[in-house]
Structure formats: structure tokens, C-alpha cells
Amino acid sequence: MTKKIFVAGHRGLVGSAISEQLSDNHLIQKTRQELNLQVQSDVQIFFETEKPSEVYLAAAKVGGILANKTQKADFIYENLMIQNNIIHNAYKSGVEKLLFLGSSCIYPKNCPQPMSESDLLTGKLEETNDAYAIAKIAGIMTCDSYREQYGSNFISCMPTNLYGPRDNFHLENSHVLPAMIHKFHLAKVQNEKEVTLWGTGSPKREFLYVDDMAEACVFLMEKYNEKGLVNIGTGQDVTIKELANSIREIIGFTGEIIWDTSKPDGTPRKLLNVDKINKLGWKAKTSLQDGIEKSYQWFLDNYQNIKK
Ligand SMILES: NC(=O)c1ccc[n+]([C@@H]2O[C@H](COP(=O)([O-])OP(=O)(O)OC[C@H]3O[C@@H](n4cnc5c(N)ncnc54)[C@H](OP(=O)(O)O)[C@@H]3O)[C@@H](O)[C@H]2O)c1
């Protein structure tokens, strides 16, 4: 049976992948120009009129370290407004199920690795993205509070670093994996001898292909009906050096990689414990190699229109 589903943020990395997976349903999609999710009265009218039965809350202000560090007010304000407007009006209009998307930066800076759902609020946050993290933690608490007080079936998931088609490939303002794809691509086409990357390359990070993430979201929407969050990741990490070497090989850049060790490395390791979602019956499928190849192909096919 087809459902009436609102995918908030359907043009973004995650929202577009979720929309693709749900294409057999009646999808409600609104661009920011059609519905600014920060405007309470507009969101209220939208829910009263459309009455979706399910909501995927994948709209948010998202960015890399620099943006998070320098625009804290925008990150906390916009994310709180968007999620409060959607969650509250989803409750008021009788939405049957809502999935809120957070981020792994909600876990404490010095969290034991791999990070489990029970580690939430056990220590201090990383200062560079604490405003964003606080908004996301508030989102989890909002879903749980509406469940407790009103019986709303609102759930939360925390994905690891995501990548894939429709990513932000901006050279300064994006996440590490798409930024590296762009850098190596430019170095290749401009016949550069070397590419300089930040840090020592030794930190370890986890990366999940966005189609796997979308599949996990649809899976949780069908199977998970409890309070508390669910981590979504691969459960495996690689060093930034390994990542850079894989991307260099896939792109075919033959020059050297220079590590600028005067630049900060960040946290040595950030890996999610994914036992909870694995036990529920979901596992990531796409290898990092396959995922990078698909992302690079999308980057090449869409080079004229990407954010750069
Ligand atoms: N990307 C990652 O690595 C990652 C990792 C962990 C968690 N997440 C979470 O996943 C979710 C989605 O992230 P993403 O990477 O898909 O982000 P994204 O590509 O930047 O997409 C966000 C979407 O939200 C929309 N949006 C933002 N503000 C809006 C507003 N005021 N009104 C209407 N629409 C608005 C954007 O619209 P426009 O197209 O008009 O800008 C965009 O389509 C976020 O909650 C994020 O925290 C992402």
C-alpha cells in the first residue's frame, strides 16, 4: 500500500537517497523556496493541509569543521527551528511515524571507541561543533518527550560520516571524502605533481555510502518503535591516509601526497558501535571502494552543476 510520506530536505545528500528508495509511495517534497522549514506558521499550515502519515526529517543546516566553528549561532538556531517546527506539527497533525536524523558528533569528545548509544551525555562535547551537537541532542530528546507524553511514534538515528551522489564537493566547505575527490580530480586534470592534505593522515574515520544510509532509514521506519537513538554505520574505519590512497587510485592521480603536519589532526578515532542496528537485522552493504567509485562517477557526470 502506498503511503503519504514527507521527506524534509529531499534535495540534500540523504533526503534525495531516501526519496529514491521510497519512490513507489506518494512523496511530498518541498524546496526551501516553497516551504522554509524555519517558519513556524508555514510549517503548521503545511502539515494541516498535507497530513502526511510518515516523516523523514533529513532537512538541517549541515557543514564541515570550519562552518561549524564559525557559524555556531546559525547552526543552533536553524537546526532547532527546523526540527521543532516539524516534530511539533507532526504530533499536532497526527503523523504516525517520524524519523529524526542526528549525527555522530553528539557523542562526547573523549568517548570510548567504538561509540555506543549509551555513551550519549556521558562527557564534554567537541568544542568546534558543540552548537550543532546540542541541537541534535535536543532533537533526540524532543522525539523521546513526545513519545513519553503523547505516545507519538517518533524515533532517532545517528549516522556516521556519509558520502555519495549529490554530496557537497566544495573544496573548503565540505566533508573530508568529497573534498578529497575534488582535490585529486583537479590535480589529475591540471597535471599537478602533488596534492597537499591536512594533518598526519593517521586519524581513523568511518564512512557510510548514502544509499546504505537511506536503506537503514527505511528499515528503522518499518522495524524500530522505541525511545532512544540508533547508530547507523559500517562498524569499520580506515585511516585518512588509507582513504587518500584509495581515492588517489580510483581517480588515477599519479603524483605525490604531501601531509601538512602543521595542520590539526582532530580526534584520533571516531567509530560507531553498530551492534544495535545489526541485531535489529540491518548491515551496510557497499564497500568503500565501490562507494568511492560511484561517487566519483556522479561527480564527473554532474561536474558543471555541483557545489564548488
Ligand atoms: N552528510 C553527512 O556526512 C552526515 C553525517 C551524519 C549526519 N547527517 C545528518 O543527515 C541529515 C541530512 O544531511 P545531508 O548531508 O543530507 O545535508 P544536506 O545535503 O545539506 O541537505 C540538507 C537539506 O535540508 C534542506 N534545508 C536546510 N534548511 C532548510 C530550510 N530552512 N527549509 C527547507 N529546507 C531546508 C536543504 O535545502 P537546500 O537544498 O535548499 O539547501 C537540503 O536539501 C542532517 O540531519 C545531518 O545532520 C549527515
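Order of listing sets the numbers, starting from 1, for every ligand and every atom in it.
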Identify, by atom number and element, the atoms of ligand 1 in contact range of [X], meaning under 4.0 Å from any of its heavy atoms.
X: Gly9; result: 23 (C), 24 (O), 43 (O)
X: Gln38; result: 31 (N)
X: Tyr132; result: 46 (C), 47 (O)
X: Ile82; result: 28 (N), 29 (C), 31 (N)
X: Lys136; result: 44 (C), 45 (O), 47 (O)
X: Ala59; result: 24 (O)
X: His175; result: 1 (N), 2 (C), 3 (O)

Out of [options], who gets a non-hydrogen atom closest to [atom]?
atom: atom 6 (C) of ligand 1; options: Thr160, Leu101, Asn161, Leu177; answer: Thr160
atom: atom 2 (C) of ligand 1; options: Ile106, Asn168, Leu208, Leu162; answer: Leu162
atom: atom 27 (C) of ligand 1; options: Lys61, Arg32, Glu78, Met81; answer: Arg32

Is it true that [X] lies under 4.0 Å from ligand 1, counting heavy atoms only?
X: Gly102; answer: yes
X: Leu35; answer: yes
X: Tyr163; answer: no

| Taking both backbone and side-chain atoms of Leu13, is any N or O found less than 3.5 Å from an N or O belonging to ligand 1? |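 Yes, at least one N or O pair falls under 3.5 Å.
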| query | Looking at ligand 1, does any of its N/O atoms fall within less than 3.5 Å of an N/O of Leu37? | reply | yes
| said: Checking the side chain of Glu78 only, and the main-chain atoms of Ile76 only, is there a donor and an acceptor separated by less than 3.5 Å? | reply: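 Here the side-chain-to-backbone pair does not exist.
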Look at atom [atom1] of [X] and say whether more than 12 heavy atoms of other residues, nucleotides or ligands are closer to it than 6.0 Å.
X: Lys4; atom1: NZ; answer: yes
X: Trp298; atom1: CH2; answer: yes
X: Glu148; atom1: CD; answer: no
X: Lys69; atom1: NZ; answer: no

| Where's the contact between Val62 and ligand 1, heavy-atom distance under 4.0 Å: side chain, backbone, both or neither? |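 The answer is the side chain of Val62.
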| field | Side-chain ion pair, Glu117 and Lys276, N-O less than 4.0 Å | value | no
| Any salt bridge between Asp237 and Lys204, counting N to O under 4.0 Å? |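 The answer is yes: the pair qualifies as a salt bridge.
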| task | Determine, step by step, whether Phe100 and Ile155 satisfy the side chain to side chain contact (heavy atoms under 4.5 Å, CB included) criterion, reporting the C-alpha distance in whole Å, the side-chain angles of both residues, the deciding distance to 0.1 Å, and the verdict. | result | CA-CA 6 Å; Phe100 169 69; Ile155 59 172; over 6 Å; no
| said: Taking the six-membered ring of Phe253 as reference, does the cationic atom of Lys188 (NZ for Lys, CZ for Arg) lie under 6.0 Å from its centre and within 45° of its axis? | reply: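 No, a cation-pi geometry is absent between Lys188 and Phe253.
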| Please walk me through it: do Val210 and Thr286 pass side chain to side chain contact (heavy atoms under 4.5 Å, CB included)? | CA-CA 9 Å; Val210 72; Thr286 310; over 6 Å; no
